[in-house]
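A short write-up of the structure that comes next.
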Amino acid sequence: MTGFDLTRLLAERGDERYDLHARHLNHQLPRMLHTLGFDKVYDRAEGAYFWDRDGRDYLDMLAGFGVMGLGRHHPVVRQALHDVLDAGLADLTRFDCQPLPGLLAEKLLGHAPHLDRVFFGNSGTEAVETALKFARYATGRPRIVYCTHAFHGLTTGSLSVNGEDGFRDGFAPLLPDTAIELGDLAALERELKRGDVAGFVVEPIQGKGVHPTPPGFLRAAQELLHRHKALLIADEVQTGLGRTGDFFAYQHEDGVEPDLVCVAKALSGGYVPVGATLGKDWIFKKVYSSMDRVLVHSASFGANAQAMAAGLAVLTVMEDEETVAHARHTGDLLRSRLAALVERYELLHDVRGRGLMIGIEFGRPKSLGLRSRWTMLQAARKGLFAQMVVVPLLQRHRILTQVSGDHLEVIKLIPPLIIGEREVDRFVEAFTAVMDDAHGGGGLMWDFGRTLVKQALQTH
């Protein structure tokens with residue numbers, strides 16, 4: 001009998017969590033959390049909430065960067081994992097065909113009827129890597145076009161189509177890919193005319209800054225790509241599975257049928273890492289063109305039984321509980337209530353997004369007193385005001401949010417898709433209180449801002 005006791009281990013050493021990270025993992029993570037006052041100790045979680053040791057609840061408007069689409073510990077997903085473990089399946093033999101991957105592929109493809117086949121990996125970046133490889137091989141061309149400010153992952157291939165220099169710096173040389181501005185059809189056509197473009201990878205709503213593609217852009221881009229025998233790759237890693245009020249975000253625009261679609265995050269149910277690349281039959285048949293090429297692209301843990309069971313449970317719950325329609329309704333409610341505040345607060349410039357993927361953008365105020373404070377923050381580091389909003393939302397109102405990217409004055413809301421009117425009320429009331437404080441011209445918020453300025457100047 002093994003002596004391993006997880007409950008006892010956590011009880012004995014759980015309080016060392018931040019020290020363990022500082023010594024053995026990314027040492028900058030605990031440093032950043034301590035600086036912002038985000039170094040909380042959460043004891044448990046369920047649905048859209050965490051609880052600390054004192055029993056205080058925290059509203060999660062981040063969902064693990066979109067992973068927790070159904071919230072934490074959904075009972076159906078949890079039971080599916082118990083069931084698959086108890087079944088003792090002969091998993092990952094590598095030389096048989098288990099039923100769960102085929103069943104999950106069938107269910108996924110039911111939401112994208114123009115696509116035919118699925119490759120299962122372990123993450124969003126791996127789903128994108130798969131799409132890049134398949135597009136290059138299927139077209140026989142080397143180059144991928146992507147958008148500035150895009151985020152498609154951090155492995156080398158995905159990093160090559162990452163539109164943020166901060167992630168790319170120091171990791172060159174990367175793959176020979178080319179960036180265009182989101183929505184710039186003329187630039188896309190210019191690159192396509194060179195005859196070496198395999199495909200165009202795009203987020204239907206960019207996660208950084210929460211920028212939807214302009215109306216009509218995806219369909220026009222698709223027509224251009226197909227005219228030049230290149231592929232449209234939709235990165236739905238964060239936007240997919242109901243996040244934007246449709247199952248896939250590209251479905252907001254009629255007539256858009258990507259050749260390859262990347263999904264991950266919410267498909268996991270928050271338990272088992274999984275990524276999937278959906279594609280057209282001819283692309284898969286070109287990549288896997290003979291028995292000699294049967295393993296030309298594979299993943300050691302791809303299509304494992306636990307991940308497949310979690311994915312099947314997630315899709316079933318979404319159908320049974322009408323999660324996509326719920327996300328659309330709740331997102332419309334939250335966005336409309338926040339948009340109504342734009343006229344009230346001069347620091348609040350825009351509220352945008354779709355479904356439960358919402359960006360709140362701040363900008364330069366008109367009044368002299370606020371403008372001087374704003375200028376002070378901007379001179380030190382762009383993005384500090386948004387951080388000033390995120391911190392009191394957590395510290396004073398126990399709501400977890402995130403700034404939508406480095407050097408951006410945008411907060412991104414990507415809560416679990418199960419939130420309802422109670423959570424909308426709580427967030428809007430808390431956000432209003434924070435903005436009232438900011439426009440009051442004093443208080444703890446601007447004191448914290450001055451602290452951030454000092455830290456930013458020390459960093460530089």
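At least one cation-pi condition fails for R364 and W374: the charged atom is not both under 6.0 angstrom from the six-membered ring centre and inside a 45 degree cone around its axis. Both tests hold for R293 against Y137: distance to the six-membered ring centre under 6.0 Å, angle to the ring axis within 45°.
Residues F151 and F167 place their aromatic rings such that the two centres sit under 6.0 Å apart. Separation of the Y288 and H297 ring centroids does not fall under the 6.0 Å cut-off. Aromatic rings of Y42 and F50 (six-membered ring for Trp) have centroids within the 6.0 Å cut-off, being under it. Aromatic rings of F200 and Y146 (six-membered ring for Trp) have centroids beyond the 6.0 Å cut-off, not under it. Note: F134 and F284 meet the aromatic proximity criterion, with ring centroids under 6.0 Å apart.
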Candidate pair R143 and D196, rule salt bridge (charged side-chain N to carboxylate O under 4.0 Å, His left out), full reasoning:
CA-CA 6 Å; R143 199 157 57 99; D196 64 344; 2.8 Å; yes
What do the steps show when you test L348 against I360 for side chain to side chain contact (heavy atoms under 4.5 Å, CB included), and what is the final call?
CA-CA 8 Å; L348 180 59; I360 304 172; 3.4 Å; yes
Determine, stepwise, if the pair Y58 / D52 fulfils side-chain hydrogen bond (donor to acceptor under 3.5 Å, both in side chains).
CA-CA 8 Å; Y58 293 76; D52 65 18; 3.0 Å; yes
Kindly determine whether D177 and R136 satisfy salt bridge (charged side-chain N to carboxylate O under 4.0 Å, His left out), including the steps that lead there.
CA-CA 12 Å; D177 299 316; R136 284 186 161 100; 2.7 Å; yes
I would like to know whether V118 and T277 meet side chain to side chain contact (heavy atoms under 4.5 Å, CB included); could you show each step before the answer?
CA-CA 6 Å; V118 180; T277 306; over 6 Å; no
Give the C-alpha distance, both sets of side-chain angles, the deciding distance and a yes or no for side-chain hydrogen bond (donor to acceptor under 3.5 Å, both in side chains) between T239 and E236.
CA-CA 5 Å; T239 56; E236 296 268 5; 2.6 Å; yes
Full working for side chain to side chain contact (heavy atoms under 4.5 Å, CB included) between H211 and L182:
CA-CA 9 Å; H211 292 288; L182 182 68; 4.2 Å; yes
side-chain hydrogen bond (donor to acceptor under 3.5 Å, both in side chains), that's the test. Do H152 and N162 meet it? Break it down for me.
CA-CA 6 Å; H152 298 292; N162 193 311; over 6 Å; no
When you look at F427 and H397, which way does the side chain to side chain contact (heavy atoms under 4.5 Å, CB included) test go after all the steps?
CA-CA 9 Å; F427 181 81; H397 303 280; over 6 Å; no
Could you go through E223 and R227, starting from their C-alpha distance and side-chain angles, then the distance that decides it, and tell me whether this counts as salt bridge (charged side-chain N to carboxylate O under 4.0 Å, His left out)?
CA-CA 6 Å; E223 292 171 356; R227 192 184 312 154; 5.1 Å; no
Could you walk me through whether R354 and D246 pass the salt bridge (charged side-chain N to carboxylate O under 4.0 Å, His left out) test, one step at a time?
CA-CA 9 Å; R354 294 193 190 114; D246 275 304; over 6 Å; no
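Checking side-chain atoms of R219 against main-chain N and O of E253 turns up no donor-acceptor pair under 3.5 Å. In terms of modelled atom types and a separation under 3.5 Å, the side chain of R23 and the main chain of L20 share no donor-acceptor contact. Checked by atom type and distance alone, the side chain of H439 pairs as donor or acceptor with a backbone atom of E346 at under 3.5 Å. A distance-only check finds no donor-acceptor pair linking the side chain of S158 to the backbone of G153 [under 3.5 Å]. Put simply, the side chain of R243 never gets that close to the backbone of M357: no donor and acceptor are under 3.5 Å apart. Between the side chain of R141 and the main chain of A198, no donor-acceptor pair closer than 3.5 Å is present. The main-chain N or O of T244 is found under 3.5 Å from a side-chain atom of H252 such that the two form a donor-acceptor pair. Side-chain N or O atoms of H326 include one that pairs as donor or acceptor with a backbone N or O of I419 at under 3.5 Å. The closest donor-acceptor contact from the side chain of R371 to the backbone of K366 lies under 3.5 Å. E189 places no side-chain N or O within donor-acceptor distance of the main-chain N or O of A186, the cut-off being under 3.5 Å.
Looking at heavy atoms from C-beta onward, L224 lies in side-chain contact with L192 at the 4.5 angstrom threshold. Contact of the Q238 side chain with the K412 side chain is registered, since non-hydrogen atoms from C-beta on lie closer than 4.5 Å. Looking only at side-chain heavy atoms (C-beta outward), H349 and V342 stay at 4.5 Å or farther from each other. Inter-residue side-chain proximity for L400 and M61 is flagged as unmet; no heavy-atom pair is nearer than 4.5 Å. Residues D235 and V202 are not in side-chain contact: their nearest non-hydrogen atoms beyond the backbone lie 4.5 Å or more apart. For the pair Q222/E257, a side-chain contact is recorded, criterion being any heavy-atom separation below 4.5 Å from C-beta on. Proximity of L59 to R398: side-chain heavy atoms (C-beta onward) are nowhere separated by under 4.5 Å. Residues V324 and M318 have side chains in contact (heavy-atom distance under 4.5 Å, counting atoms from C-beta outward).
Annotation: N26, atom CG; neighbour count of heavy atoms from other residues, nucleotides and ligands within 6.0 Å is above 12. In this structure, F171 places its CZ atom where only 12 or fewer heavy-atom neighbours from other residues, nucleotides or ligands lie under 6.0 Å away.
The distance from the CG atom of L231 to the CG atom of L225 is 8.0 Å, given to the nearest 0.5 Å. Rounding to the nearest 0.5 Å places CG of L417 at 9.0 Å from OG1 of T330. The distance from atom CG of L347 to atom OG of S367, rounded to the nearest 0.5 Å, is 7.5 Å. Here the straight-line distance linking atom CG of N304 with atom CZ of F301 works out to 8.0 Å at 0.5 Å rounding. One finds the CD1 atom of I205 at 10.0 Å from the CD atom of E203 (value rounded to the nearest 0.5 Å). Rounded to the nearest 0.5 Å, atoms CD (E46) and CZ (R72) are 12.0 Å apart.
Taking both residues in full, the closest heavy atoms of A386 and V410 are given as CB-N, 3.9 Å, listed atom of the first, atom of the second, then distance.
D57 and R426 are joined by a salt bridge, as a carboxylate oxygen and a charged side-chain nitrogen come within less than 4.0 angstrom of each other. Looking at D406 and K208, no side-chain N of the basic residue comes within less than 4.0 Å of a carboxylate O on the acidic one, giving no salt bridge. R344 has a carboxylate O that lies under 4.0 Å from a charged side-chain N of D436, or vice versa, which qualifies the two as a salt bridge.
F248 and Y250 have parallel rings, their planes meeting at less than 30° on a 0 to 90° scale where 60° marks the start of perpendicular. Using bins of under 30°, 30° to 60° and over 60° for the plane-to-plane angle, the ring pair F362/F385 lands in the perpendicular bin.
Q28 and R31 share a donor-acceptor pair across their side chains, judged by distance under 3.5 Å alone.
Residues forming a ring pair (Phe, Tyr, Trp, His ring centres under 6.0 Å) with Y271 (at least two apart in sequence, or on another chain): H73.
Test Q378, Q387, K382 against E409 for side chain to side chain donor-acceptor pair (under 3.5 Å) and you get one pass: Q378.
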